[in-house]
J.: 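Let me give you the structure first, and then I'll get to my questions.
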Amino acid sequence: MADPVQPAPLPAESGTLRLFLALWPDAATRDALNRNGKWLHRHWGGRRMRADTLHITLAFLGATPVDKLDAAVACADAVEGEPYELLLDQAGYWRHNRIGWLGASETPPQHAELVEALNAQLRAADFPVDERPHVPHVTLLRKSDGGEVPECRPVRWPMREFVLVKSVTEPDSARYEVMRRWVLARVGEWVGGELG
Ligand code: ATP
Ligand code: MG
C-alpha cells in the first residue's frame, strides 16, 4: 500500500510551459513549404517535419513558469509589427544539429525589426532569450545527412500575424499548440476591438 505521507513525485518540468513566438503559415504557404520538404527529403534524407508543425521561430522562451505567461503575453502585446512578405528561396543545412531547412537569401527589414522588438521586450522582462544571431528558417528535415544544395521552388509567404506557441514534448517529436495570435497591422490600420 502507498505511504499516505509520501506525495507522488511531480514531473521535473511541472508548472512550466515550453513556449516560443513564431510565424505560422496559412494553408497555401504550408502546402508550398511541405512540397519543398518532400523535395529536400529526396535529396538529403532524414525525418521530415509534419506539415502541421512547419513554422519560423521568432523568439524562444523555453521552459516558462505558468505564472509568467501573462508577462510573456504582455511582451508580445507591446510590439507593433508591420505586415510584410518573406521570400524563402534557399535550402540550407546545419551540420551541428543535422537540420535541413528553407531560408531567405534576403531578410526584409520588417522581419528583422519584429524579431528584435520581441526579443528586446522579453529581455527587459527577464526572459532568458537566445542571443545567437537570428536566421529566418523553416526546419523541414531532422537527422538529415545534407549534401549538395538542390534548387528549391521559392515560397512567397505573406506575413499577417505572429503567434505564441506551446511545445509539448512527445516520445519521438514535439507537438505544437498555438495559444495566442497578434495581427501585424499597417500603421493606422484598425484591427478590431473597441474604438476610441
Ligand atoms: P525537439 O526539441 O523535441 O526535437 P523541437 O526542436 O521542434 O522538438 P522545441 O525544442 O520545443 O521543439 O523548439 C520549438 C522551436 O523553437 C523550434 O523551432 C526550435 O528550432 C526553436 N528553438 C529551440 N531551442 C531554441 C533556442 N535555444 N534558441 C532559439 N530557438 C530555439
Ligand atoms: Mg528542440
Side-chain angles (χ1 to χ4, degrees), residues 19-44 48-61 72-73 75-94 99-123 129-142 144 149-167 174 176-193:
L19 299 178
F20 60 104
L21 290 157
L23 298 166
W24 216 257
D26 57 89
T29 304
R30 179 165 52 241
D31 286 350
L33 293 170
N34 195 41
R35 278 195 295 277
N36 273 291
K38 286 183 189 164
W39 171 244
L40 209 53
H41 183 256
R42 275 171 49 186
H43 290 265
W44 289 355
R48 263 177 62 208
M49 295 292 289
R50 286 199 322 271
D52 63 298
T53 67
L54 301 176
H55 66 275
I56 293 176
T57 298
L58 296 168
F60 184 73
L61 289 73
V73 167
C75 287
D77 283 343
V79 169
E80 284 185 25
E82 287 172 36
Y84 60 97
E85 197 171 79
L86 189 64
L87 182 66
L88 297 169
D89 58 354
Q90 61 182 20
Y93 177 75
W94 285 323
I99 277 176
W101 46 269
L102 192 66
S105 58
E106 279 182 50
T107 303
Q110 298 97 325
H111 178 91
E113 285 159 15
L114 179 59
V115 169
E116 190 38 53
L118 289 170
N119 282 292
Q121 288 290 335
L122 292 167
R123 215 176 282 124
V129 296
D130 185 37
E131 296 297 344
R132 291 173 304 183
H134 170 81
V135 178
H137 71 281
V138 180
T139 296
L140 295 173
L141 305 174
R142 292 187 178 270
S144 167
V149 180
E151 221 30 73
C152 280
R153 189 166 293 176
V155 177
R156 211 172 274 283
W157 182 345
M159 297 303 173
R160 298 290 177 264
E161 62 173 21
F162 67 91
V163 297
L164 176 68
V165 189
K166 178 169 89 170
S167 170
Y176 304 134
E177 285 172 28
V178 173
M179 299 179 79
R180 287 283 285 253
R181 298 176 181 273
W182 287 265
V183 172
L184 298 171
R186 274 186 200 85
V187 177
E189 186 181 351
W190 181 63
V191 293

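These numbers come from the heavy atoms of this one structure, side chains and all, not from hydrogens, waters or symmetry mates.
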J.: Evaluate the side chain to side chain contact (heavy atoms under 4.5 Å, CB included) criterion for residues Met49 and Leu54: first the C-alpha distance (whole Å), next the side-chain angles of each, then the deciding distance (0.1 Å), finally the verdict.
T.: CA-CA 7 Å; Met49 295 292 289; Leu54 301 176; 3.7 Å; yes

J.: Please tell me if the side chains of Leu102 and Trp157 come closer than 4.5 Å, counting only heavy atoms from C-beta onward.
T.: no

J.: Taking the side chain as everything from C-beta on, heavy atoms only, tell me whether Leu88 gets closer than 4.5 Å to Asn36.
T.: no

J.: Taking distance alone, no hydrogens or angles, what donor-acceptor pairs closer than 3.5 Å link side-chain atoms of residues 26-33 to residues at least two apart or in another chain?
T.:
{"residue": "Asp26", "atom": "OD1", "partner": "Ala28", "partner atom": "N", "Å": "3.1"}
{"residue": "Asp26", "atom": "OD1", "partner": "Thr29", "partner atom": "N", "Å": "3.0"}
{"residue": "Asp26", "atom": "OD1", "partner": "Thr29", "partner atom": "OG1", "Å": "3.2"}
{"residue": "Asp26", "atom": "OD2", "partner": "Thr29", "partner atom": "OG1", "Å": "2.7"}
{"residue": "Arg30", "atom": "NH1", "partner": "Pro25", "partner atom": "O", "Å": "3.4"}

J.: Identify, with sequence neighbours excluded, every residue that meets salt bridge (charged side-chain N to carboxylate O under 4.0 Å, His left out) alongside Arg42.
T.: none

J.: Tell me the salt bridge (charged side-chain N to carboxylate O under 4.0 Å, His left out) pairs involving residues 150-162, sequence neighbours left out?
T.: Glu85-Arg156, Glu161-Arg181

J.: So, using side chain to side chain donor-acceptor pair (under 3.5 Å) as the criterion, who are the partners of His55 when residues are at least two apart?
T.: Thr57

J.: With sequence neighbours left out, what residues match Pro108 under side-chain contact (heavy atoms from CB on, under 4.5 Å)?
T.: Tyr84, Leu86, Gln110, His111

J.: Using the test ring-ring contact (aromatic ring centres under 6.0 Å, His included), find all partners of Phe60 that sit at least two apart in sequence or belong to another chain.
T.: none

J.: Let me confirm one number: the CG-OG distance from Leu40 to Ser144, rounded to the nearest 0.5 Å.
T.: 6.5 Å

J.: Ala112: what forms a side-chain contact (heavy atoms from CB on, under 4.5 Å) with it, not counting sequence neighbours?
T.: Thr107

J.: Considering residues at least two apart in sequence or located in another chain, which fulfil the side chain to side chain donor-acceptor pair (under 3.5 Å) criterion with Arg132?
T.: Asp130

J.: How would you list, by chain and number, every residue that makes a side-chain contact (heavy atoms from CB on, under 4.5 Å) with Asp77, sequence neighbours excluded?
T.: Val73, Arg180, Trp182

J.: Can you say whether the rings of His43 and Trp39 are parallel (under 30°), tilted (30 to 60°) or perpendicular (over 60°)?
T.: perpendicular

J.: Check whether any side-chain heavy atom of Met179 sits under 4.5 Å from a side-chain heavy atom of Val165, and report yes or no.
T.: no

J.: With a sphere of 6.0 Å drawn around CD of Glu80, does it hold more than 12 non-hydrogen atoms of other residues, nucleotides or ligands?
T.: no

J.: Provide the closest heavy-atom pair for Gly92 versus Trp44 in the form atom of the first, atom of the second, distance.
T.: O-CZ3, 3.3 Å

J.: Could you work out, with side chain to side chain donor-acceptor pair (under 3.5 Å) as the rule, every residue matching Thr139, not counting sequence neighbours?
T.: none

J.: Going through the checks in order, is the side chain to side chain contact (heavy atoms under 4.5 Å, CB included) test met by Lys166 and Leu19?
T.: CA-CA 5 Å; Lys166 178 169 89 170; Leu19 299 178; 4.3 Å; yes

J.: Please name all residues satisfying salt bridge (charged side-chain N to carboxylate O under 4.0 Å, His left out) with Asp89, sequence neighbours left out, ordered by chain then number.
T.: none

J.: Who pairs with Ala120 by side-chain contact (heavy atoms from CB on, under 4.5 Å), at least two apart in sequence or on another chain?
T.: Glu116, Arg123

J.: What is the minimum heavy-atom distance between Leu58 and Asn119, and which atoms define it?
T.: O-ND2, 3.4 Å

J.: Is any side-chain heavy atom of Leu23 closer than 4.5 Å to a side-chain heavy atom of Phe162?
T.: yes

J.: Test side chain to side chain contact (heavy atoms under 4.5 Å, CB included) on Ile99 and Arg142 and set out the steps.
T.: CA-CA 5 Å; Ile99 277 176; Arg142 292 187 178 270; 3.8 Å; yes

